[in-house]
Amino acid sequence: MRYPLKFFIIFLLVLSLAGCGGLDKKELDTITVWHWMSDRDEAFQELAKRFENETHIQVKFELYAPSESYTQKIKAAAQTNTLPDIYGILGEKKDFASFIKSGYVADLSEDLNVTAEGGTWKNKFFEKALSVNEFLPDNEYAVKPGIYGVPLDVTAIKIVYNKKLYQKAGLDPNKPPVTWEEFLSHCKVLKENGIQRFVSGFGEIWMIDALASNYAMNLMGEERVFETYEGKVPYTDPDWVRVLSLFKEMADQQILVEGAVTMVNKTAEQTFANERAAFAFNGSWCVNVYKGMNPNLEYAAILPPRITSKHPMKVWGGAGGSFVVNNKSFRRGSAIQFLKWLTQEEQQAYFAGQTENLPANKKSVAQISPILSQFAADMDNTTHPNIYPVHEDHEVIEAFDKGIQSILIDEKTPEAVAAEVQKVKEKVLKRAHKP
């Protein structure tokens with residue numbers, strides 16, 4: 001018996017609805033978002049309500065913390081094809097590339113470049129914030145060029161200093177150090193007045209790497225740093241020895257608070273918030289942290305004091321948290337619609353006000369606190385390993401950062417560390433060139 005085409009269409013629709021487990025239309029249209037940001041969950045829930053009131057589309061935020069547990073969850077969900085409509089990818093660029101190549105991340109380039117009232121979606125963001133989610137032509141991961149995620153907020157890692165402690169030492173609280181020489185001079189005055197100088201979570205060696213790379217790029221320029229990663233410039237080069245020598249100067253003048261070399265950043269944040277150090281090296285997320293620890297803390301954010309004017313002082317920064325859209329989701333269009341709404345000026349200003357994080361939307365910066373504005377001031381000079389054109393081997397990075405720890409505890413000289421790092425580098429290069 002032959003059945004008309006109309007019968008088969010109705011039959012397929014019935015099967016489709018049955019496969020959804022009897023969900024009603026509202027549940028079918030609900031956008032699900034997974035995230036790990038416990039400090040921002042309350043703001044997310046409020047924004048979801050506002051979006052539903054405006055569009056009648058429900059958004060369900062699901063929190064999975066800490067970040068390690070979240071990472072395991074999305075990896076497991078990718079294996080079972082159960083990722084939500086919107087989610088974030090933590091980890092390195094290669095992890096991001098893996099999700100894209102598996103078809104779990106939508107290319108948002110076309111949507112970002114559509115011109116609407118007020119310009120394109122892309123132009124609303126800080127350029128460096130989008131870079132973290134962008135894959136350029138001929139990238140090392142063989143990912144199709146495009147932008148695959150949108151930032152929710154941005155970060156910048158700078159030096160913060162305590163204005164009260166500056167005043168107590170007789171220093172002008174509105175004239176922080178601009179050069180390395182001024183920094184050493186100010187630290188000497190602080191010491192003479194019994195004030196502890198500098199704290200950071202150097203027990204987390206990525207923070208050492210961030211500060212050291214700031215100074216390497218300031219002294220050598222980005223190109224020469226990248227040439228080092230490529231094996232064209234040795235770590236025994238005088239410029240690299242000079243970078244390492246900065247940490248020797250810090251050790252010799254006892255600039256670090258006791259225990260900072262092995263201190264985790266949360267402890268370092270507590271130390272600065274409790275006014276037990278005049279300086280700290282920390283990211284813009286600290287604004288929210290310090291507010292919780294000491295609401296009356298008077299401090300400001302500055303660039304690390306430069307050692308030369310030859311090259312700009314680059315600081316680590318860019319996108320803080322980012323969201324991607326599941327390319328396999330049948331709610332893909334609605335998910336993109338929600339992300340466009342979420343990153344508009346009004347929502348970004350609310351989000352920044354609630355979480356004390358830097359908004360990714362450039363126009364929202366005018367509505368943030370003065371301290372956040374100081375972190376945002378040099379966003380054009382931010383960089384990050386995730387957007388480097390070349391990358392150093394993990395083994396070399398570890399040798400370099402642990403070598404700096406050895407310098408800070410007066411166990412090794414800058415020259416000795418430079419030689420050890422170069423030895424590791426040569427071993428890595430030799431291994432890479434083996435047939």
Side-chain angles (χ1 to χ4, degrees), residues 35-48 61-70 88 90 151-168 173 176 195-204 206-207 210-211 257 259-260 262-302 315-322 347-360 364-365 367-377 379:
H35 75 100
W36 65 97
M37 298 167 274
S38 52
D39 62 323
R40 302 168 213 188
D41 191 57
E42 190 174 334
F44 281 144
Q45 302 298 341
E46 173 59 28
L47 287 166
F61 277 93
E62 296 182 7
L63 171 65
Y64 299 99
S67 56
E68 293 81 5
S69 301
Y70 172 83
L90 300 177
L152 302 171
D153 48 34
V154 292
T155 62
I157 304 178
K158 291 187 171 184
I159 300 287
V160 291
Y161 73 99
N162 185 305
K163 288 191 165 188
K164 278 186 184 177
L165 294 182
Y166 246 58
Q167 198 162 24
K168 182 179 177 182
I195 297 169
Q196 295 293 314
R197 272 76 64 206
F198 189 96
V199 70
S200 189
F202 282 170
E204 300 175 32
W206 71 268
M207 296 203 74
L211 186 58
V257 303
T262 56
M263 192 179 288
V264 297
N265 200 45
K266 185 56 69 178
T267 304
E269 288 172 337
Q270 190 74 61
T271 300
F272 184 79
N274 289 341
E275 305 189 89
R276 295 198 299 266
F279 294 102
F281 180 61
N282 209 355
S284 51
W285 60 81
C286 73
V287 175
N288 195 36
V289 175
Y290 295 152
K291 182 179 178 181
M293 292 177 173
N294 181 0
N296 299 315
L297 186 66
E298 293 181 23
Y299 66 105
I302 59 172
V315 295
W316 279 18
S322 290
Q347 285 72 247
Q348 282 275 286
Y350 169 79
F351 192 62
Q354 294 297 306
T355 65
E356 292 288 356
N357 285 296
L358 281 170
S364 302
V365 171
Q367 304 177 52
I368 62 178
S369 65
I371 182 63
L372 278 177
S373 294
Q374 291 166 12
F375 273 105
M379 195 55 64

Would you please name every residue forming a salt bridge (Lys or Arg N to Asp or Glu O under 4.0 Å) with E62, sequence neighbours left out? K60
Taken in chain and number order and not counting sequence neighbours, the residues that satisfy ring pair (Phe, Tyr, Trp, His ring centres under 6.0 Å) with Y161 are Y166
Taking only residues two or more places apart in sequence, or in another chain, which ones meet Y290 in a side chain to side chain donor-acceptor pair (under 3.5 Å)? N282
Using the test salt bridge (Lys or Arg N to Asp or Glu O under 4.0 Å), find all partners of K164 that sit at least two apart in sequence or belong to another chain. none
Just by distance, do the side chain of R197 and the backbone of I195 share a donor-acceptor pair under 3.5 Å? yes
E46, CD: over 12 other non-hydrogen atoms inside 6.0 angstrom: yes
For residues 282-292, which residue pairs qualify under salt bridge (charged side-chain N to carboxylate O under 4.0 Å, His left out), counting only residues two or more places apart or in two chains? K291-E356
Tell me, please, which residues at least two apart from E275 pass salt bridge (Lys or Arg N to Asp or Glu O under 4.0 Å). none
K168: salt bridge (Lys or Arg N to Asp or Glu O under 4.0 Å) partners, not counting sequence neighbours: none
Measure the spacing between CE of M207 and CE of M263 and express it to the nearest 0.5 Å. 12.0 Å
Sequence neighbours excluded - salt bridge (charged side-chain N to carboxylate O under 4.0 Å, His left out) pairs with any residue from residues 262-273: K266-E269
With sequence neighbours excluded, what pairs up with Y70 under the ring pair (Phe, Tyr, Trp, His ring centres under 6.0 Å) test? W36
Only counting residues at least two apart or in another chain, list the ones meeting ring pair (Phe, Tyr, Trp, His ring centres under 6.0 Å) with F281. none
Is there a donor-acceptor pair closer than 3.5 Å between any side-chain N or O of Q348 and the backbone N or O of A360? yes
Using the side chain to side chain donor-acceptor pair (under 3.5 Å) criterion, which residues pair with S284? Sequence neighbours excluded. none
Who passes ring pair (Phe, Tyr, Trp, His ring centres under 6.0 Å) against W316, sequence neighbours left out? H384
